[in-house]
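This is the structure I want to talk about, given as structure tokens.
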Amino acid sequence: MLRIAIQTKGRLHEETMQLLAETGIKLEQSKRLLLIPARNFPIEILFLRDDDIPQSVADGVADIGIVGENEYAEKQKNVRIAKRLGFSRCRLSLAIPKEEEYDGMAWFEGKVIATSYPGILRDYLDKQGIRADIHVITGSVEIAPGIGLADAIFDIVSSGSTLVTNHLKEVEVVMQSEAVLIANPHLSEEKLAILDELLFRMEAVQQAEGKKYVLLNLPTVNLDQVIEILPGMKSPTIMPLAKEGWSSLHVVVDEKRFWDIIGKLKALGAESILVMPIEKMIP
Ligand code: PRP
Ligand code: ZN
């Protein structure tokens, strides 16, 4: 049995639960809210505050955990990143009142900066040779300048709307962050095998992301030209149609390039184009 720590609520919760569902893991209906076993996979889920996840994985209270890279970097615990997950992307930035004139890092010399990430901030300031006062606040950091508690803040920025609402502007991006799967460095063989299976399933879900399965019919004489439009993609499957001189083509297309490619295919006589979502892809 492998125990995974995930956030009770907040930024990562929804997307983590969705990822687990996509890997086919179904949870037991349970009255206990803190620790819920899966019905069909040897894993149990421990719900924690994100701030506590790196420590609990380092201690072995949980074997693995899903947490923002920002928390992982701040807590400096003895855990390893087993996989970068690519969701909950955000950045950790310095922000100052928007009417301030900003002339580079020197602005922060002697200033008071409010943050929940003192470790990452201290490191950054030291590297830049800036002496500033760090005030640790655990929630609503963004209101600190407005109420005279600090001159600036260092916090998570995602859409940027929290900064706008609080009349702040982002002036330095210190680190990029995304959800990561962290693991205790001393897992047993048995637990490592379960982790491997979990990683394999996550990989299949990630591979399929942003990809579409496209089926279409086209005149066989244009096949070579069509295949030229599709370089770099998984080789297409081609089948003859009952209708003389026509073929059916199946191909996996990157969603980003979809409209571009479909336009060209239509110009080459493609018809009956079907576009379907892909749930999982196993290479
Ligand atoms: C973070 C951060 C800001 C907000 C920024 O809080 O403290 O309040 O997100 O997001 P935005 O740029 O999209 O407005 P979060 O909701 O992650 O809660 P937490 O800091 O308490 O974990
Ligand atoms: Zn938090």
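When a ligand or atom number is given, it counts from 1 through the structure's own listing order. Because only heavy atoms are used, hydrogens play no part in the values below, and waters and symmetry mates are left out as well, while side chains stay in.
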Item to check | Path from Ile229 to Ile238 over hydrophobic side-chain contacts below 4.5 Å | outcome: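 Yes; Ile238 is reachable from Ile229 via cluster members.
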
Item to check | Nitrogen or oxygen of Ser159 less than 3.5 angstrom from that of ligand 1 | outcome: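 N/O-N/O distance below 3.5 Å exists for this pair.
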
Checklist entry - Can Ser247 and Thr220 be said to form a side-chain hydrogen bond (donor to acceptor under 3.5 Å, both in side chains), step by step? => result CA-CA 5 Å; Ser247 296; Thr220 308; 2.9 Å; yes

Item to check | Short N-O contact, Arg201 and Glu22, less than 4.0 angstrom | outcome: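 Salt bridge between Arg201 and Glu22, a charged N being under 4.0 Å from a carboxylate O: no.
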
Item to check | Val157 neighbourhood, listing ligand 1 atoms whose heavy-atom distance to it stays under 4.0 Å | outcome: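 In order of number, 12 (O).
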
Next on the checklist: What I want to find out is whether Asp254 reaches Arg257 closely enough, with some N-O distance under 4.0 Å, to be called a salt bridge.
Outcome noted: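 Looking at Arg257 together with Asp254, the answer is no, because their closest N to O distance does not fall below 4.0 Å.
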
Checklist entry - Can you find an N/O atom of Thr162 closer than 3.5 Å to an N/O atom of ligand 1? => result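 N/O-N/O distance under 3.5 Å: yes.
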
Checklist entry - Within the structure, does Thr138 bring an N/O atom to less than 3.5 angstrom of an N/O atom in ligand 1? => result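 Between Thr138 and ligand 1, no N or O pair is found under 3.5 Å apart.
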
Checklist entry - Should you measure from each heavy atom of Gly160, which atoms of ligand 1 turn up under 4.0 Å away? => result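 Result: 11 (P), 12 (O), 13 (O).
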
Checklist entry - If you take all heavy atoms of Ile113 and Ile153, which pair is closest and at what distance? => result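 Minimum heavy-atom separation between Ile113 and Ile153: CG2-C, 3.8 Å.
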
Next on the checklist: Between Glu109 and Arg131 (salt bridge meaning N to carboxylate O under 4.0 Å), is one present in this structure?
Outcome noted: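 Yes, Glu109 and Arg131 are salt-bridged.
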
Item to check | Test item, Gly10 contacting ligand 1 (heavy atom, 4.0 angstrom) | outcome: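 Checking ligand 1 against Gly10, which is what was asked, there is no heavy-atom contact under 4.0 Å.
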
Next on the checklist: I'd like to know if Val141 contacts ligand 1, where contact means a heavy-atom distance under 4.0 Å to any ligand atom.
Outcome noted: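 The answer is no, since Val141 has no heavy atom less than 4.0 Å from ligand 1.
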
